[in-house]
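Just the heavy atoms: all of them, side chains too, but no hydrogens, waters or symmetry mates, feed the values below. Note that the numbering runs from 1 along the sequence shown for the chain. All of these numbers come straight from a predicted model, not from anything done at the bench.
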Amino acid sequence: MSRTALSDAPPPQGPQNSAGADPAKPSLSHGLKQRHLSMIALGGVIGAGLFVGSGAGIAAAGPSIVIAYAASGALVMLVMRMLGEMSAAHPASGSFSVHAQRALGPWAGFTSGWIYWTLLCVAIATEATAAADIMTGWLPGTESWMWVALFMALFCGTNLVAVRNFGEAEFWFAALKIFAITAFLLLGVFTVIGVVPGVEAPGASNLTGEGGFFPNGANGLVVGLLASVFAYGGLETVTIAAAESENPVRGVAKAVRTAVWRIAIFYVGSMLVIVTLIPWDDKSVLAGPYAAVLDYVGIPAAAQLMNIVVLVALLSAMNANIYGASRMSFSLIDRGEGPAFLGKVSRGGVPRRAVIASSVIGFVAVLFNYWWPDTVFLWLLNMVGAATLVVWGFIAVSQLITRRRLEREAPEKLVVKMWGFPWLTCVAIVGIVAVLGLMLREGDTRTQLAFTAGLTVVLAVVGLLRQKLRARSAEGAAPAGEAAVPATGVALAKEDAPAEDGGSGAGDSDNSAGGSGN
């Protein structure tokens with residue numbers, strides 16, 4: 001990203017596809033249907049972190065992992081509701097980055113957007129590597145890099161053609177994940193109540209024995225809480241995708257409303273099933289808690305079945321992260337926050353250069369994992385270790401400001417409302433700060449927090465410098481006797497007025513935000 005592209009790019013002059021804009025300029029398409037959004041919302045957060053990573057949380061917290069997932073799930077539901085409120089009012093491919101720019105200024109949109117893009121690119125690398133490891137386990141004669149290259153090419157190609165291809169792929173990926181976890185929950189509940197033939201129901205013995213419900217005390221609960229928080233990543237994708245749907249406002253509103261409580265059932269319910277059926281300190285739980293339950297019930301080839309589910313989850317996450325990274329970077333570039341040559345949109349409404357750039361960066365991160373796994377790639381992992389919490393913090397603070405502005409200037413845009421505002425918004429902010437504070441207790445998470453804080457500070461400083469440079473440039477360009485509009489990022493009521501509730505596309509909200517910041 002060149003300094004020239006950041007500081008010299010002219011500020012956006014107004015919304016795309018609205019009155020006064022160039023109608024010949026291609027914009028993002030509206031190829032996603034409601035069924036795509038609904039499944040993305042439900043399946044987007046069901047990832048490999050749940051199916052595999054939850055084992056470490058259970059090993060640390062024991063049965064109290066249920067409380068950890070319930071607490072972090074409550075925080076996630078609040079964040080998702082806040083994001084849904086802002087995204088329904090102002091659908092944008094930049095999602096929370098646009099909302100942060102509207103509420104706090106261009107520096108906030110720049111910081112939150114690029115840290116999220118970095119997070120997604122590193123995630124692409126880790127998911128591609130993990131998926132390749134599963135394939136080489138099934139086919140020992142193959143090389144890991146072959147599978148990484150295949151997966152990267154496949155999903156880069158899918159995202160290059162049309163947004164409906166991404167939506168269709170995610171629809172079926174999400175359907176498979178939801179089917180798998182629903183079947184798991186039903187089988188687990190039937191086993192707990194003792195109606196599965198040939199399988200003994202353990203009752204509450206695993207919840208009260210082996211050290212009780214809190215076998216490792218408060219410290220174990222804290223470790224489990226930290227593990228559970230990061231298992232919920234991915235909720236932002238649906239609000240990014242909503243901007244490219246047939247009806248962005250209705251789409252995001254329905255997706256958020258239907259997803260929130262179902263996510264709680266999937267996560268908290270499955271944790272309760274696992275710790276009820278399997279002793280928390282069983283070694284099989286650490287290796288794979290879902291496979292351990294299937295093996296306990298007597299399902300043949302349980303480990304291989306779960307490998308299939310995990311592979312689907314990894315491929316789904318790769319597809320979603322390439323999409324999310326490309327749309328976030330496109331939104332930032334469209335607002336003058338990145339290299340302009342990557343902002344071109346195809347006639348089919350796809351930001352192909354942004355898709356290719358995000359995929360290439362993800363592949364480069366894979367190479368770093370092969371060449372320097374304990375140095376460069378570890379630094380990348382640490383830099384994004386707490387990035388999700390930083391993004392959630394921007395969402396919560398932005399909603400606190402945006403909600404008051406909407407109530408005053410455009411109450412009709414509050415299609416989705418945050419519960420108990422402003423109290424629950426403040427509770428969410430306190431919760432995010434508390435989790436960040438808990439990260440200081442553990443050595444690994446403390447290192448992640450330090451690296452993420454460093455990245456956030458660097459991006460914020462760059463964003464603030466850019467904001468000041470643009471303000472000076474605007475003052476110098478203002479005609480004599482006229483005051484330049486300050487680069488505060490505050491969206492004025494008159495700027496929001498032309499946008500219909502149905503939304504005319506991602507570019508509308510993106511450029512409205514960009515215009516308000518200049």
Side-chain angles (χ1 to χ4, degrees), residues 40 43-55 117-161 165-177 179-181 230-231 233-234 237 287-288 290-291 301-326 352 354-381 384:
I40 290 170
V45 295
I46 303 175
L50 173 64
F51 293 119
V52 179
S54 56
W117 178 84
T118 306
L119 168 64
L120 294 186
C121 289
V122 174
I124 291 168
T126 57
E127 290 146 5
T129 304
D133 288 343
I134 292 176
M135 296 304 299
T136 53
W138 288 339
L139 301 170
T142 58
E143 296 290 338
S144 180
W145 67 265
M146 297 167 52
W147 293 108
V148 170
L150 175 63
F151 294 145
M152 294 293 291
L154 174 63
F155 293 118
C156 180
T158 299
N159 278 277
L160 282 174
V161 180
N165 290 354
F166 157 75
E168 202 63 32
E170 276 305 289
F171 176 86
W172 291 109
F173 278 141
L176 287 170
K177 289 188 290 184
F179 172 79
I181 199 167
F230 297 107
T237 303
Y290 288 80
Q304 291 304 321
L305 281 176
M306 285 312 304
N307 271 339
I308 294 172
V309 174
V310 170
L311 179 63
V312 169
L314 289 167
L315 297 181
S316 172
M318 275 189 67
N319 186 40
N321 288 339
I322 289 174
Y323 170 82
S326 66
R352 289 178 176 172
V355 170
I356 293 172
S358 298
S359 301
V360 168
I361 296 300
F363 189 73
V364 169
V366 172
L367 296 180
F368 287 160
N369 188 26
Y370 288 137
W371 295 336
W372 305 294
D374 298 324
T375 53
V376 178
F377 190 70
L378 183 60
W379 297 338
L380 288 175
L381 289 176
V384 299

J.: So, taking the atom named CZ in F179 and the one named CH2 in W172, what distance separates them when rounded to the nearest 0.5 Å?
T.: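 Here the interatomic distance stands at 12.5 Å.
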J.: Distance alone, cut at 3.5 Å: any donor-acceptor contact between the side chains of E143 and T136?
T.: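 Distance-only check fails for E143 and T136.
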J.: Can you list everything that forms a side-chain contact (heavy atoms from CB on, under 4.5 Å) with A354? Sequence neighbours excluded, please.
T.: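 Counting only residues at least two positions away or on another chain, A354 forms a side-chain contact (heavy atoms from CB on, under 4.5 Å) with S326, S329, F330, P351.
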J.: When you compare the side chain of Y370 with that of V366, does any pair of heavy atoms fall below 4.5 Å?
T.: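 Contact flag for V366/Y370 side chains = yes.
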J.: When rounded to the nearest 0.5 angstrom, what is the spacing between CG in L315 and CZ in F173?
T.: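 The CG atom of L315 sits 5.0 Å away from the CZ atom of F173.
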J.: Indicate yes or no: at least one non-hydrogen side-chain atom of L311 is less than 4.5 angstrom from one of M135.
T.: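 SC-SC contact between L311 and M135 confirmed.
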J.: Other residues, nucleotides and ligands only: do more than 12 of their heavy atoms fall within 6.0 Å of CH2 on W138?
T.: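 Yes, the 6.0 Å shell around CH2 holds more than 12 heavy atoms from other groups.
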J.: Taking the side chain as everything from C-beta on, heavy atoms only, tell me whether M152 gets closer than 4.5 Å to I124.
T.: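 Yes, their side chains come closer than 4.5 Å.
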J.: So Y290 and F51, would you call those rings parallel, tilted or perpendicular, with 30° and 60° as cut-offs?
T.: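 Answer is perpendicular, since the angle exceeds 60°.
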J.: Do N319 and Y323 come within less than 4.5 Å of each other through their side chains, counting heavy atoms only?
T.: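 Answer no - side chains too far apart.
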J.: Could you tell me whether the side chain of T126 reaches within less than 4.5 Å of the side chain of F377, counting heavy atoms only?
T.: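 In short, these two side chains touch, coming nearer than 4.5 Å.
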J.: Just verifying a value: how many Å separate N165 CG and F155 CZ, rounded to the nearest 0.5 Å?
T.: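 The CZ atom of F155 is 12.0 Å from CG of N165, to the nearest 0.5 Å.
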J.: Could you pull out all residues at least two apart from V384 that satisfy side-chain contact (heavy atoms from CB on, under 4.5 Å)?
T.: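 Testing V384 for side-chain contact (heavy atoms from CB on, under 4.5 Å), a comparison that skips the adjacent residues, returns T118, L119, V122, A387.
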